[in-house]
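Worksheet: one structure, shown below.
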Amino acid sequence: MNDRFLRACRREPVDATPVWFMRQAGRYMAEYLEIRAKYSMLEVCRTPELATQVTLQPLRFGVDAAILFADILLPLEPMGAPFDFAKGEGPVVHEPIRTSADIDKLRLIDPEESLGYCLEAIRMLRRELKVPLIGFAGAPFTLASYLIEGGKSAHFTATKRLMYAEPEAWHRLMGKLAEVVRRFLRAQVAAGAQALQVFDSWVGQLGPDDYTRFIAPHMRAILSDVQSTGVPVIHFGTGTSTLLELMAQAGGTVIGVDWRDRLGEAWGRVGYDKAVQGNLDPTVLFAPRSVIQEQARAVLLQAATRPGHIFNLGHGILPGTPVEEVEALVDFVHTETSGPHSRVGSSPRGSSGPKD
Ligand code: CP3
């Protein structure tokens, strides 16, 4: 069992920096596209054998963790808001939630009953995997934005209108989403997930005061509960430069950092009592290999051999990313951080980094 990833989550010394990628299974891989030629995205998610097969595909790159193949939007359908992935447009929620009455109708689901296919995929994966399995869910704000806007959004106008104009309704919606997310994450741990990531991908749309008032209480409710199961929880967002301290206070064992921040500075703000994950710009993978390696080394130097860094991109792998660069990057991070000739980190760690 390769437990580098779990050790790094706990800020223990590791033999090499662990690496995995958000969206590591997906359209940039030929094997994935082959399956998608036969089945829709939702069919893959809802068929445990297919979800398992796709989850395993990127492991040939040598990544140190697997992430369940699923989507953050899956709980919305059983809650009463069916959606589809429209070609070229991304997710479309058929009847967006706009009123207080719409919010009242949303159901608090039992994950074993309505998302059992994800839990079954987790059980199947645990029988095969030699690396830890990460389960995940979307955070209430990011889920609410899809529910309210009906899909992806540029300005989140309808979402913020509800938040500012009807704060009571907003908190009711966030409370329901937080409860569903909490139950789903707990069910994933019970099924065998060894770590969790909460994706608050669009929360960087908010400033710190709105985060404190409209988001933080709901994140705290989720994170304190699921962290009490003992599995590490990665709290991730993008565009979060002004929110990192608040996110860390809201909870999480590991804080995800995107590429707009220097990882070392971000870590200082998060606090060294937490691990960090990140933060290469996903578009760097389209650059020549020498540039990828230079930028990856810069990320590793920011982590400065301090225990508790998980190498990742600042957001998910993009479609069209060259597969051979993904594989070369995994190898580079491992080689660069292991062995007696390591330039940026080696075991035992912690002596040459910046002081706390
Ligand atoms: O990381 C992984 O490998 C696990 C699988 C995963 C997917 N989505 C698969 C997927 C995870 C963790 C997600 C999370 C997710 N889904 C987020 C948060 C993370 C992020 O990237 O910010 C969000 C916002 C969604 C909602 C969603 N689902 C979007 C915006 C899209 C993209 C639509 C498009 O066409 O680009 C999806 C679809 C989706 N989810 C795909 C995959 C592989 C593409 C489906 C396909 O066409 O094959």
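Whatever order the structure lists ligands and atoms in, that order sets their numbers, starting from 1. When reading the values below, keep in mind they use all heavy atoms of this one structure, side chains included, and skip hydrogens, waters and symmetry mates.
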Exercise for the section: Number the atoms of ligand 1 from 1 as they appear, then name those within less than 4.0 Å of a heavy atom of Tyr146, with their elements. Expected result: 24 (C), 30 (C)
Practice task
Identify, by atom number and element, the atoms of ligand 1 in contact range of Gln24, meaning under 4.0 Å from any of its heavy atoms.
Solution key: 3 (O)
Problem - salt bridge (Lys or Arg N to Asp or Glu O under 4.0 Å), paired with Glu166, selected from Arg161, Arg98, Lys160 - result: Arg161
Practice task
Go through ligand 1 atom by atom and flag the ones less than 4.0 Å from a non-hydrogen atom of Met22.
Solution key: 1 (O)
Problem - Salt-bridge present (Arg172, Glu168; N to O < 4.0 Å) - result: yes
Exercise for the section: Return the residue, atom name and 0.1 Å-rounded distance of the protein heavy atom closest to atom 38 (C) of ligand 1. Expected result: Phe85 CE2, 3.4 Å
Handout entry: Derivation and outcome, side-chain contact (heavy atoms from CB on, under 4.5 Å), residues Arg107 and Val180
Key = CA-CA 9 Å; Arg107 288 186 288 272; Val180 166; over 6 Å; no
Handout entry: Those atoms of ligand 1 less than 4.0 Å from some heavy atom in Phe69
Key = 9 (C), 43 (C)
Fill in the blank from the handout: Contact region, His315 to ligand 1, non-hydrogen atoms below 4.0 Å, reads side chain
Handout entry: Nearest non-hydrogen protein atom, atom 16 (N) of ligand 1
Key = Asp71 OD1, 3.0 Å
Exercise for the section: Check each atom of ligand 1 against the heavy atoms of Phe136 and keep those under 4.0 Å away; list them by number with element. Expected result: 11 (C), 12 (C)
Handout entry: Nearest non-hydrogen protein atom, atom 34 (C) of ligand 1
Key = Arg27 NH2, 3.5 Å
Handout entry: Atoms of ligand 1 close to Ser201 [distance to a heavy atom under 4.0 angstrom, numbered from 1]
Key = 18 (C), 19 (C), 20 (C), 22 (O)
Practice task
Considering only non-hydrogen protein atoms, determine which one is nearest to atom 7 (C) of ligand 1 and report residue, atom name and distance to 0.1 Å.
Solution key: Ala70 O, 3.2 Å
Problem - Residue pair Glu149 / Thr159, side-chain donor-acceptor N/O under 3.5 Å - result: yes
Handout entry: Ring-ring centroid check Phe83 Tyr146, cutoff 6.0 Å
Key = no
Exercise for the section: Take Phe156 and Met163 through the side-chain contact (heavy atoms from CB on, under 4.5 Å) test and state the conclusion after the steps. Expected result: CA-CA 11 Å; Phe156 297 79; Met163 194 173 88; over 6 Å; no
Fill in the blank from the handout: of all protein heavy atoms, closest to atom 13 (C) of ligand 1 is Arg23 NE, 3.5 Å
Handout entry: Within reach of ligand 1, part of Leu68 (heavy-atom separation under 4.0 Å)
Key = backbone
Problem - Test item: side-chain donor near acceptor, Asp102 and Thr99, under 3.5 Å - result: yes
Fill in the blank from the handout: For Tyr32, the ligand 1 atoms with a heavy-atom partner under 4.0 Å come out as 43 (C), 45 (C), 46 (C), 48 (O)
Exercise for the section: Measure up the His171 and Phe214 rings against each other and bin them: parallel (under 30°), tilted (30 to 60°), perpendicular (over 60°). Expected result: parallel
Problem - Residue part near ligand 1, for Pro91, under 4.0 Å between non-hydrogen atoms - result: side chain
Handout entry: Sub-4.0 Å atoms of ligand 1 with respect to non-hydrogen atoms of Gly90
Key = 33 (C)
Handout entry: Cation-aromatic face contact Arg27/Tyr32, 6.0 Å, 45 degrees
Key = no
Practice task
Could you see which bit of Lys152 sits under 4.0 Å from ligand 1, with heavy atoms only: side chain, backbone, both or neither?
Solution key: neither
Exercise for the section: With heavy atoms under 4.0 Å as the rule, classify the contact between Phe21 and ligand 1 as side chain, backbone, both or neither. Expected result: neither
Practice task
Classify the angle between the aromatic ring planes of His315 and Trp202 as parallel (below 30°), tilted (30 to 60°) or perpendicular (above 60°).
Solution key: perpendicular
Problem - Nitrogen or oxygen atoms of Trp20 and ligand 1 under 3.5 Å apart - result: no
Exercise for the section: Before accepting this row, confirm whether a basic side-chain N of the pair Glu31/Arg60 lies closer than 4.0 Å to the acidic partner's carboxylate O. Expected result: yes
Completion exercise
Residue, atom and distance of the protein heavy atom nearest atom 45 (C) of ligand 1 read Met41 SD, 3.4 Å
